[in-house]
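Per chain, numbering begins at 1; letters A, B, ... match sequence-line order.
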Amino acid sequence: MPELPEVERYRTVAESALGRVIAEVRAFDAWYLKRGASQRELAGVLEGARFWRARRTGKLLLLDVDTGKGARPPSDGPVLGLHFGMSGTLLVDAGSATERATEDQLAYSSHKVLPGWDRFALRFEDGGEMRVNDARRLGGVELDPDPRRLGPDALGLSLSGLRAQLGSSSTPLKARLMDQSRLAGVGNLIADEALWRAGLDPRRSANSLDLAQMRKLQRHLRKTIDDLILRGGSHHGDLMPARHLDGRCPKDGARLTRGKVGGRTTYWCSIHQI
DNA sequence: CCGGATGTTCACCT
DNA sequence: GAGGTGAACATCCG
């Protein structure tokens, strides 16, 4: 599921966990703990502590920890990083009214949640819990993720910011947009949608845009992400219904082209995306 | 049965 | 170093 819009939703879900004392770390799946994090280490940091802020950079959810010792928020406390891969979901307070409401909002989700797919959970002293459920195990949990790994968040990126991140590379434009170290949060669906809206061929060089095209891309990228957050997910784009063989461009009715760009299946309109 | 799927990382090429 | 490819992860869907 997760591209930026989904993780932004998970961020709001995580806000319902703020301020609650963590009683127990449950790492069901050691493989899910990344970058050397261990159950023991996580328990040492988190048990007895609480989250005081939920942030997001790109597709990475960041939970700032208040250990109650020394370091007052904001700043210099530990940070729990959650990433969700393609099939991860964040749930808070399973079975409660809160979660039922959340799951209603998540009705678009085609992903099932099965108990056997719980990879990581925190139990709170109040009896509630937060858990990451992930069928394919492509997500993960880490402590103090390195912020330099990700470029600036795609949401709200300025024109000059976009130009800087596209740089002088001759890499295909779409591949550059999806490079998380350059621009954080754009995945396969958002990239196709934004390029389709902006009328740009995903294969053209990232460095080949003139100022007008750059401006157009920046505007459409921002609007696309805004729209998809409002519509409830990255697969609610206007291009989405046409993403199949024999699909037709919703703008001009032309047959869409399907190919691989940046290693991912890509759909584009050969008429108006130039 | 086979291929592909919203993501990331890594080994291995060119 | 820059890019590209394919594999791996585990499950569902057409």
How many whole angstroms separate atom [atom1] of [X] from atom [atom2] of [N]?
X: His83(A); N: dG7(B); atom1: NE2; atom2: C1'; result: 8 Å
X: Arg119(A); N: dC9(C); atom1: CZ; atom2: P; result: 13 Å
X: Asp179(A); N: dA2(C); atom1: CG; atom2: P; result: 11 Å
X: Met240(A); N: dT6(B); atom1: CE; atom2: C1'; result: 8 Å
X: Lys34(A); N: dT8(B); atom1: NZ; atom2: P; result: 12 Å
X: Leu60(A); N: dT6(B); atom1: CG; atom2: C1'; result: 16 Å
X: Asp29(A); N: dT11(C); atom1: CG; atom2: C1'; result: 15 Å
X: Lys260(A); N: dA7(C); atom1: NZ; atom2: P; result: 12 Å

Would you say [X] reaches [N]'s phosphate, i.e. side-chain N/O to OP1/OP2 under 4.0 Å?
X: Ser169(A); N: dG3(C); result: yes
X: Thr171(A); N: dG3(C); result: yes
X: Lys59(A); N: dT8(B); result: yes
X: Arg264(A); N: dT6(B); result: yes
X: Ser87(A); N: dA5(B); result: no

Regarding Arg20(A) and the six-membered ring of Phe124(A), is the cationic atom NZ or CZ under 6.0 Å from the ring centre and inside 45° of its axis? yes
Return the nearest nucleotide to the side chain of [X]; candidates are [options].
X: Thr265(A); options: dG4(C), dG7(B), dA5(B); result: dA5(B)
X: Trp117(A); options: dT8(B), dT6(B), dC12(C); result: dC12(C)
X: Arg136(A); options: dT8(B), dG3(C), dG7(B); result: dG7(B)
X: Arg176(A); options: dG3(C), dG7(B), dA5(B); result: dG3(C)

With a 4.5 Å heavy-atom cut-off, do Glu6(A) and His235(A) have their side chains touching?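 A side-chain contact under 4.5 Å exists here.
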Distance check, P atoms only: dG3(C) and dT6(B), in whole angstrom units. 23 Å
Sidechain-backbone polar pair: Glu3(A) side chain, Gly187(A) backbone, donor-acceptor under 3.5 Å: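 Yes; judged by distance alone, with no hydrogens or angles, the pair exists.
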Okay, side chain of Arg56(A), backbone of Gly58(A): is any donor-acceptor separation there less than 3.5 Å? yes
How is Arg35(A) classified with respect to the nucleic acid when contacts are heavy atoms under 4.0 Å: base, sugar-phosphate, or nothing?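 The answer is nothing, as Arg35(A) stays clear of every strand by at least 4.0 Å.
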What does dC13(B) pair with, Watson-Crick or G-U, if both distances are under 3.5 Å?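 Pair assignment: dC13(B) / dG3(C).
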If each of Leu114(A) and Trp31(A) is mapped to the nucleotide of DNA chain C with the nearest heavy atom, which maps nearer the 5' terminus, i.e. the 5' end? Trp31(A)
Looking just at side-chain N and O atoms, do Asp153(A) and Thr57(A) make a donor-acceptor pair shorter than 3.5 Å? no
Is the closest side-chain donor-acceptor distance between Gln213(A) and Arg204(A) under 3.5 Å?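 Judged by distance alone, the side chains do pair up.
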